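Every value quoted in this text rests on a predicted model; they were computed, and no experiment measured them.
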Amino acid sequence: MAFPIHRKRRLRASDSMRRLVRETWLEPAQFVLPLFVCEGNNVYKPISSMPGQAQMSIDRIVAECREVESLGIGGVILFGIPSHKDETASEGYNPGGIVQRAIRAIKAECKKLVVITDVCNCEYTSHGHCGKVVGNDVDNDQSLVWLADAALTHAQAGADIVAPSDMMDGRVAAIRARLDGAGFTNTPIFSYAAKFASCFYGPFREAAESTPQFGDRRSYQMDPPNAREAMHEMELDLEEGADMLMVKPAMAYLDLIRAARERFPVPIGAYQVSGEFSMMHAAAEKGWIDLERVMIESLTSIRRAGADIILTYFAKDAARIL
Ligand code: PBG
């Protein structure tokens, strides 16, 4: 029953035919745009390693969010660049901190946009680690208190979803308990459940000024070769009360997006991280690759693998051409 009865090329003959039989679609509503918010007024500080991305002050972030909303993009995820960092990440859970003020300003202007916050300590600690440093290690349980406090201040400021990205054990349960205790039973938790100690975060650390001053994150983020362990991380986060699960990075971990999709009934997100974005830009700048096509192809592959939601720096560019 094979050739010449079957000719797969019949359904590839034209644009309209290909469109008719297309299995995977991209919608702006599935995208989440990461944004970096800093102090000041009318500040737009381009990030050299991430073309088109910038640290922005709250006024500029609000303008950006209006545009994001008008493009039909699903949401934004906020990262804070505080002017003050210390050993205890205190700006991270300051109710008047940079992210908390940004949330209030955005929610006042953009009623429909889903505002997600990244919950982590690394942008707020002087040493750049994701929690409390004791000796040469990060103390898990003390870090949970700061994370839960931060998540609560985000919810109080009006965040629609909180997304812990630190990879401490038990953070989802700690955040859930803290939110529920304060009456925020309806704030969902989008857990960066399978987050790997990846070299693809390089450009982000310039963007968020969060490079660890000593050592690396391998004692808390996952070891890249481990897939079974990723499933266990996700299972535990679901047990602790996560509403949505994330795999990060995306392109080098498509197998895990697929495995998560088949195994868990909740929305699965994937983060197309800074290194993935910058790498494609760099190749395009050299004239080695077509940027628009690689953008759409890479985003499509993440959806095809099974992601419902994609966190991507391409959100606006992709939404414009869809
Ligand atoms: C940590 C955090 C990181 C990213 C998102 N949240 C960096 C890290 O773990 O070092 C990376 C995002 C990217 O590379 O685009 N708060």
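Applying the side-chain hydrogen bond (donor to acceptor under 3.5 Å, both in side chains) test to every pair with at least one member in residues 127-146, sequence neighbours left out, gives these pairs: His129-Tyr220, Asp137-Ser219. Applying the salt bridge (Lys or Arg N to Asp or Glu O under 4.0 Å) rule to pairs touching residues 256-266 yields Glu235-Arg263, Arg258-Glu262, Arg261-Asp308, sequence neighbours excluded. Applying the salt bridge (Lys or Arg N to Asp or Glu O under 4.0 Å) rule to pairs touching residues 79-101 yields Glu39-Arg101, sequence neighbours excluded. Listed by first then second residue, pairs satisfying side-chain hydrogen bond (donor to acceptor under 3.5 Å, both in side chains) with a partner in residues 238-256 number zero, not counting sequence neighbours. Within the structure, salt bridge (Lys or Arg N to Asp or Glu O under 4.0 Å) pairs that include any residue of residues 180-208 comprise Arg176-Asp180 (at least two apart or interchain). Applying the salt bridge (Lys or Arg N to Asp or Glu O under 4.0 Å) test to residues at least two apart or on different chains, none of the pairs has a partner in residues 275-285.
Within a 6.0 Å radius of CD in Glu297, other residues, nucleotides and ligands contribute 12 heavy atoms or fewer. Within 6.0 Å of CZ on Arg10 lie more than 12 heavy atoms contributed by other residues, nucleotides or ligands. More than 12 heavy atoms of other residues, nucleotides or ligands sit less than 6.0 Å from atom CZ of Phe196.
With sequence neighbours left out, Arg218 forms a side chain to side chain donor-acceptor pair (under 3.5 Å) with Asp216. Legend: residues meeting side chain to side chain contact (heavy atoms under 4.5 Å, CB included) with Ile5, ordered by chain and number and at least two apart, are absent. Not counting sequence neighbours, the partners of Ala259 by the side chain to side chain contact (heavy atoms under 4.5 Å, CB included) test are Met231. For the side chain to side chain contact (heavy atoms under 4.5 Å, CB included) test, residues two or more places apart in sequence or in another chain that qualify with Arg66 are Val62, Ala63, Glu109, Cys110. Residues that satisfy the salt bridge (Lys or Arg N to Asp or Glu O under 4.0 Å) test with Asp317, not counting sequence neighbours, are Arg320.
Under the 3.5 Å distance criterion, the side-chain polar atoms of Ser57 are matched with a main-chain donor or acceptor of Val43. Judged by distance alone, the side chain of Asp237 and the main-chain N or O of Ser191 form no donor-acceptor pair under 3.5 Å.
Hydrophobic clustering, with ILVMFWY side chains joined whenever heavy atoms are under 4.5 angstrom apart, keeps Val247 apart from Leu236. There is no path of hydrophobic side-chain contacts, each under 4.5 Å, that joins Val145 to Ile175. Using a 4.5 Å cut-off between side-chain heavy atoms of Ile, Leu, Val, Met, Phe, Trp and Tyr, with links allowed through other members, Phe264 and Met244 fall into the same hydrophobic cluster. Under a hydrophobic-cluster definition in which Ile, Leu, Val, Met, Phe, Trp and Tyr are linked whenever side-chain heavy atoms come within less than 4.5 Å, directly or via other members, Ile309 and Leu254 are assigned to the same cluster.
Between Tyr93 and Thr88 the shortest side-chain heavy-atom distance falls below 4.5 Å. A 4.5 Å side-chain heavy-atom check between Thr153 and Asn94 finds every atom pair outside the cut-off. Taking 4.5 Å as the limit, some side-chain heavy atom of Glu292 sits within range of a side-chain heavy atom of Ile321. For the pair Cys65 and Val76, the minimum side-chain heavy-atom distance is below 4.5 Å. Side-chain atoms of Pro51 and Phe277, non-hydrogen and from C-beta on, do get closer than 4.5 Å to each other. Between Val273 and Phe204, every side-chain heavy-atom pair lies at or beyond the 4.5 Å cut-off. At a threshold of 4.5 Å between non-hydrogen side-chain atoms, the residues Val37 and Ile81 do not count as touching. Under the 4.5 Å side-chain criterion, counting only non-hydrogen atoms from C-beta, Ile310 is not in contact with Val32.
Using a cutoff of 4.0 Å between basic side-chain nitrogens and carboxylate oxygens, Lys316 and Glu64 are scored as salt-bridged.
Taking the six-membered ring where the residue is Trp, Phe314 and His281 present parallel rings, their angle staying beneath 30° rather than reaching 60°.
Within the model, atoms CG of Leu322 and CG of Leu299 stand 8.5 Å from one another, a figure rounded to the nearest 0.5 Å. Rounded to the nearest 0.5 angstrom, Leu78 CG and Ile106 CD1 are separated by 4.5 Å. Of the inter-residue distances, the one linking Cys38 atom SG with Ile61 atom CD1 reads 7.5 Å to the nearest 0.5 angstrom. Distance check: Ile116 CD1 to Ile161 CD1 gives 4.5 Å after rounding to the nearest 0.5 Å. For the atom pair CD1 of Ile189 and CG of Leu245, the computed distance is 11.0 Å after rounding to the nearest 0.5 Å. Note: Arg217 CZ to Cys130 SG = 4.0 Å, rounded to the nearest 0.5 Å.
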Decide yes or no on side chain to side chain donor-acceptor pair (under 3.5 Å) for Asp118 and Tyr192, but give the supporting numbers first. CA-CA 9 Å; Asp118 182 88; Tyr192 286 70; 2.7 Å; yes
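Judged by distance alone, the side chains of Gln55 and Glu209 do bring a donor and an acceptor atom under 3.5 Å apart.
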Return all side-chain donor-acceptor pairs below 3.5 angstrom for residues 22-31, not counting sequence neighbours, or 'none' if the list is empty.
unit_1	atom_1	unit_2	atom_2	d
Gln30	OE1	Glu27	N	2.7
Gln30	OE1	Arg303	NE	3.4

